[in-house]
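Per chain, numbering begins at 1; letters A, B, ... match sequence-line order. Side chains included, hydrogens not; waters and symmetry mates left out as well; all remaining heavy atoms used.
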Amino acid sequence: MLRDITLGQYYQTDSVIHKLDPRVKLIATICFIISLFVVKNWVGYVLAAVFLAVMIKLSNVPFRYMIKGMKAIIFILLITVVFNLFLTPGEVLWSVWKLKITKEGLHTAVMMAVRLSFLIIGSSVMTLTTTPNSLTDGMEKLMKPLKVFRVPVHEVAMMMSIALRFIPILLEETDKIMKAQIARGADFESGNLIKKAKAMVPLLVPLFISAFRRANDLAMAMEARCYRGGENRTKMKPLKYAGRDRIAYGVLTAYFAMCVVIRIYL
Amino acid sequence: MGIIKTDKLVFEYIRRDEEGNVEGITRAVDEVDLDVKQGDFVAILGHNGSGKSTLAKHINAILYPTEGAVWVDGMDTRDEKDLWNIRQEAGMVFQNPDNQIIGQVVEEDVGFGPENMGVPTEEIWERVEESLKAVGMYAYRKFSPNKLSGGQKQRVSIAGVIAMHPKCIILDEPTAMLDPNGRKEVVRAVRALNDVEGITVVLITHYMEEIIHADKVFVMDKGKVAMEGTPREIFSQVKRLKELRLDVPQVTLLAYELQRKGIELPDGILTVEELTQHLLQKYHMK
């Protein structure tokens, strides 16, 4: 049961967006997020909405999966909206007791809500269409220039992919230890939050010990298979830009240019 | 000189207390002389703590000898410049299948070794394909390792080693954490490698059934080689094996007990077929 959880919420299907190079998707997501802060008026948001809608359509991922990501931030979204709504000074539209809704407040609140939801949906499009593995690959390749500043890019990417590989294994192990302790009378369910947290300690200790043991074994296995860092390493699946990636960059540039134009002239 | 050779190999674990003072020294491997010929299937037997895993780690240059020396294909493991060549030529498969699979997809894991060696991309794909086919896991190449059974995971690990084109493979109790079916799967794959591909195999185990096909068996006890010979020679000494706290295969044990009860049988019977044949012969003679 625990092993069924999917990581990075990848949605398996076939689409143009799925086939794009992870680097394109990473850059596009960053550009899209920047563009949301570049545009300031309705025309800009309509453009962003159209762009996003086209991407969702192309990705073949059902829209409800995009919405799922929203649930996590609904609380933040509400707080932002409420604060902006009541605390922005300006022309009063409506007031109750000490609370005033201003015209400017309404404007910023709506803007912020739209921005935040677009931001989340936009990044969901990326995570839903890219496997965690190719995402790591893309990041490694994109951050390669940072090597000049002695950033251990390859090592970080390797750590990320190993972590991804071991999360299900550790989850399964947690489940096993928990069951073993429940069988011997441990209680993880009752009591208040503090009591529950305390009950987790005897669970975490064996889990950590076994994680360290695994790390030791894995390091040995990697060395035995000639792993010696990123130097002189070749790739089984090297990232290569294809024709569709160039088109995607073109579309992205056009979209970003339009956003800038809208910002300056409208 | 054979592909693997050790000369009076000694390895000592030094136990230290919290201040770092030496508390005691455990001699895990004690003056072991080993000589393995190219293409051989060698089994190393021993109960827990007999030093067999420690010995295995020396062949892959994960541990270095305290005294004595280890040569792999003529290269001294203490020589740092040959380190990666040794690790490429003497591949190692470990006990826990989960702790040695690095990739998130079967084929990526098999490609990990060649990637490290700097093999060009197209050749990596060729090697991955041939290695997965050699262990019969080609159909699972796109699977996540988490979805495989223990025996399948171990076969993937073996494929990962073969993809590095080693001259020999050392398997350190590859079946200890598997169920009987998984054990059979793995042993079959290992034997195929030895028979078909001609790769030298060093199988470390404490399951007697797995070594009956070996060319040579070493039995270890307290860090020393206690017995040495062909499986038949080893299994004919049931009493000695029991002293070393090792179980013999059920058939061998049955033959041994029949012998003790006065039925004339040759020493060291290894398979059910063999025993039936001998018994039938006796029956017809009467």
Worksheet entry | I62(B), part contacting chain A, at a heavy-atom distance under 4.5 Å | side chain
Practice prompt. Using only heavy-atom distances, determine whether the side chains of T205(B) and E173(B) contain a donor-acceptor pair under 3.5 Å.
Written response: no
Practice prompt. Among Q100(B), E122(B), E107(B), Q104(B), single out the residue with the greatest number of heavy-atom pairs under 4.5 Å to chain A.
Written response: Q104(B)
Worksheet, complete the sentence: Note: vs chain A, highest number of non-hydrogen pairs under 4.5 angstrom among G118(B), P145(B), P166(B), G113(B) is G118(B)
Worksheet item: With respect to chain A, which residue among E123(B), R87(B), E115(B) yields the maximal number of heavy-atom pairs within a distance under 4.5 Å?
Response: E115(B)
Fill in: Heavy-atom closest pair, residues K144(A) and V153(A)
N-CG1, 4.3 Å
Worksheet entry | Portion of P114(B) that has a non-hydrogen atom of chain A nearer than 4.5 angstrom | backbone
Worksheet entry | Test item: side-chain donor near acceptor, T175(B) and Q154(B), under 3.5 Å | no
Worksheet item: What part of D109(B) gets closer than 4.5 Å to chain A, counting heavy atoms only: side chain, backbone, both or neither?
Response: both
Discussion item. Let's go through Y241(A) and Y249(A) carefully: what are the C-alpha distance in whole Å and the side-chain angles of both, what is the deciding distance for ring pair (Phe, Tyr, Trp, His ring centres under 6.0 Å) to 0.1 Å, and is it a yes or a no?
Written reply: CA-CA 10 Å; Y241(A) 283 126; Y249(A) 273 133; 5.6 Å; yes
Worksheet item: How about H165(B) and E130(B): does a side-chain donor come under 3.5 Å of a side-chain acceptor?
Response: yes
Worksheet item: Which of the residues M164(B), Q88(B), M92(B), M117(B) is involved in the greatest number of heavy-atom pairs with chain A at under 4.5 angstrom?
Response: M164(B)
Fill in: K179(A) vs D175(A), salt bridge (Lys or Arg N to Asp or Glu O under 4.0 Å): CA-CA, chis, key distance, verdict
CA-CA 6 Å; K179(A) 275 184 187 141; D175(A) 197 39; 3.3 Å; yes
Item to complete: With R141(B) as the cation and Y138(B) as the aromatic partner, state whether NZ or CZ is under 6.0 Å from the six-membered ring centre and within 45° of the axis.
Response: yes
Discussion item. Side chains of R213(A) and N99(B): any donor to acceptor distance under 3.5 Å?
Written reply: no
Worksheet item: Can R214(A) be said to sit on top of F166(A)'s aromatic six-ring, NZ or CZ under 6.0 Å from centre and within 45° of the ring axis?
Response: no
Fill in: Proximal component of I101(B), with respect to chain A [non-hydrogen, under 4.5 Å]
both
Worksheet entry | Part of V93(B) lying under 4.5 Å from any heavy atom of chain A | neither
Discussion item. Can you tell me which portion of W125(B) sits under 4.5 Å from chain A's heavy atoms? Options are side chain, backbone, both or neither.
Written reply: side chain
Worksheet item: Is it the side chain or the backbone of D98(B) that comes within 4.5 Å of chain A heavy atoms, both, or neither?
Response: both
Discussion item. Report which part of F112(B) has an atom under 4.5 Å of a heavy atom belonging to chain A: side chain, backbone, both, or neither.
Written reply: both
Worksheet entry | Interchain contact, L218(A) with chain B, by part (heavy-atom threshold 4.5 Å) | both
Discussion item. Is E108(B) close to chain A through its backbone or its side chain, or both, or neither, when contacts mean heavy atoms under 4.5 Å?
Written reply: both
Discussion item. Can a side-chain donor-acceptor contact be found between D172(B) and S53(B) if the only test is distance below 3.5 angstrom?
Written reply: yes
Practice prompt. For chain B, find which of M158(A), K237(A), M222(A) contributes the most heavy-atom pairs closer than 4.5 angstrom.
Written response: K237(A)
